[in-house]
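Below: the structure, in structure tokens.
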Amino acid sequence: MTLTLTTAGESHGPALVAIMTGLPAGLVLDREAIDRDLQRRQQGYGRSPRQQIETDRVDVLAGLRHGRTLGTPLALVVANRDHKNWTWGMSPWRPEGEPTGKGTKPVTVPRPGHADLAGVFKYGLDDVRDALERASARHTAVAVAAGAVAKALLREIGVGVAGAVVGLEELAGRVDEARKDRDTIGGVVEVRARGVPPGLGSYATKDDRLDARLAAALMGIQAVKGVEIGDGFALAELRGSQAHDEIVAGLHRETNRAGGIEAGVSNGEEIVVRAAMKPLPTLMRPLQTVDLATGDAAEALVERSDTAAVEALAVVAEAAVAFELARSARDKFGGDAIGDFVAAHTAYLERIDWTPR
Ligand SMILES: Cc1cc2nc3c(=O)[nH]c(=O)nc-3n(C[C@H](O)[C@H](O)[C@H](O)COP(=O)(O)O)c2cc1C
């Protein structure tokens with residue numbers, strides 16, 4: 001029994017969609033809790049006015065009845081409210097009538113740091129928009145909704161997941177300075193998960209390793225260029241005698257340099273992972289590029305864009321980590337009904353005589 005997540009949706013298309021399979025039946029979902037996470041994703045210092053246009057809310061098309069999962073595929077939808085300005089430009093079907101609204105003219109000027117040029121080469125596109133619409137981080141909204149579902153499942157076994165910006169106190173100043181220079185910034189986020197029992201993930205195959213799953217999930221988020229588990233890169237500078245977490249009575253650790261994972265398996269300590277975000281590539285002071293229609297030097301398009309999205313990344317990364325922990329928990333504890341899943345977790349903690357700290 002594993003959990004899967006597939007998302008679909010373009011930035012200015014009608015809606016973003018996620019399908020989750022492998023959820024147990026009987027899990028209670030709280031629409032407000034999911035919407036709260038969607039709103040957290042839209043906030044943060046340095047975001048653009050697009051976030052006010054959207055005010056995301058989740059809808060469910062399948063897999064849920066009266067607020068409880070049915071154990072069938074769960075279909076989540078987040079509408080793109082901005083689509084009303086793009087009904088011709090982003091019409092899924094051949095549009096009828098005269099071009100109107102946004103997105104009616106082909107984009108031929110690829111922006112450095114985005115999917116634009118690689119997408120044109122790879123998919124044989126005439127309009128860069130066909131690449132940028134999906135490559136945009138807009139669809140992280142529906143991934144956050146799926147993450148909120150994963151967090152509801154994890155709460156059933158006492159696991160809590162929280163993401164935050166590292167160095168939040170310096171963020172506003174960095175954003176203000178960058179905005180003044182019509183520039184952008186990146187940053188680092190950290191996600192911590194408490195109450196994770198020892199034994200999630202496996203060293204048996206690389207695909208089952210919890211650290212590999214978390215790294216892939218975080219790297220799968222737009223603009224993430226580095227991932228650390230525990231003390232990560234800093235461990236490379238240390239001697240072995242300083243780098244490992246000695247085992248003490250109660251089979252706990254006094255330190256947590258490993259970030260709660262050894263050999264791809266959770267060891268019962270807090271899970272700690274970090275992700276580094278590059279500065280956002282759309283600058284109000286445009287970068288140099290080439291117009292594909294003429295071959296001439298050009299300035300990159302300036303679409304309405306954030307100065308920083310690192311606080312949003314913290315929420316998206318939290319969702320990604322929650323999903324992977326929930327997936328590994330489903331792999332370990334199985335169960336068709338939520339009660340089976342919780343009972344398997346309880347029986348396992350009894351077998352290993354483990355009390356979460
Ligand atoms: C939550 C979030 C919001 C983002 N907002 C913007 C933005 O407003 N402007 C921008 O240029 N890039 C933004 N990005 C980054 C781009 O989506 C990303 O750099 C681009 O898709 C290229 O992918 P890559 O950085 O993974 O190579 C955002 C990323 C995230 C995670």
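Counting convention: from 1, in listed order, for ligands and their atoms alike. Start at 1 with the first residue, then count along the sequence.
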Under-4.0 Å salt bridge between D30 and K151 | no
N/O separation below 3.5 Å, S136 to ligand 1 = no
Heavy-atom nearest neighbour of atom 27 (O) of ligand 1 within options M219, K225, Q222, R134 = K225
Ligand 1 contact on R111 by region, counting heavy-atom pairs under 4.0 Å | neither
Ligand 1-proximal atoms of A135, by part, heavy-atom distance under 4.0 Å | backbone
May I ask you to list the atoms of ligand 1 that are less than 4.0 angstrom from any heavy atom of M277?
-> 29 (C), 30 (C), 31 (C)
Where on R47 is there a heavy atom closer than 4.0 Å to ligand 1, on the side chain, on the backbone, on both, or on neither?
-> side chain
Looking only at distance, does A223 have an N or O less than 3.5 Å from an N or O of ligand 1?
-> yes
Atom 13 (C) of ligand 1: closest protein heavy atom, distance to 0.1 Å, is L280 CD2, 3.5 Å
Contact atoms of ligand 1, heavy-atom distance to A312 under 4.0 Å | 1 (C)
Return yes if some donor-acceptor pair links the side-chain N/O of T184 with the main-chain N/O of L280 below 3.5 Å, else return no.
-> yes
Judged by modelled atom types alone, do T282 and H114 share a side-chain donor-acceptor pair under 3.5 Å?
-> yes
Should the pair D183-R285 be classified as a salt bridge under the 4.0 Å nitrogen-to-oxygen rule?
-> yes
Here the gap from W354 atom CH2 to L349 atom CG, rounded to the nearest 0.5 Å, amounts to 9.5 Å
Does R209 come within less than 4.0 Å of D211, counting only side-chain N to carboxylate O?
-> yes
Do any nitrogen or oxygen atoms of H114 lie less than 3.5 angstrom from nitrogen or oxygen atoms of ligand 1?
-> yes
Name the option, out of G186, A143, A137, that contains the heavy atom nearest to atom 28 (C) of ligand 1.
-> A137
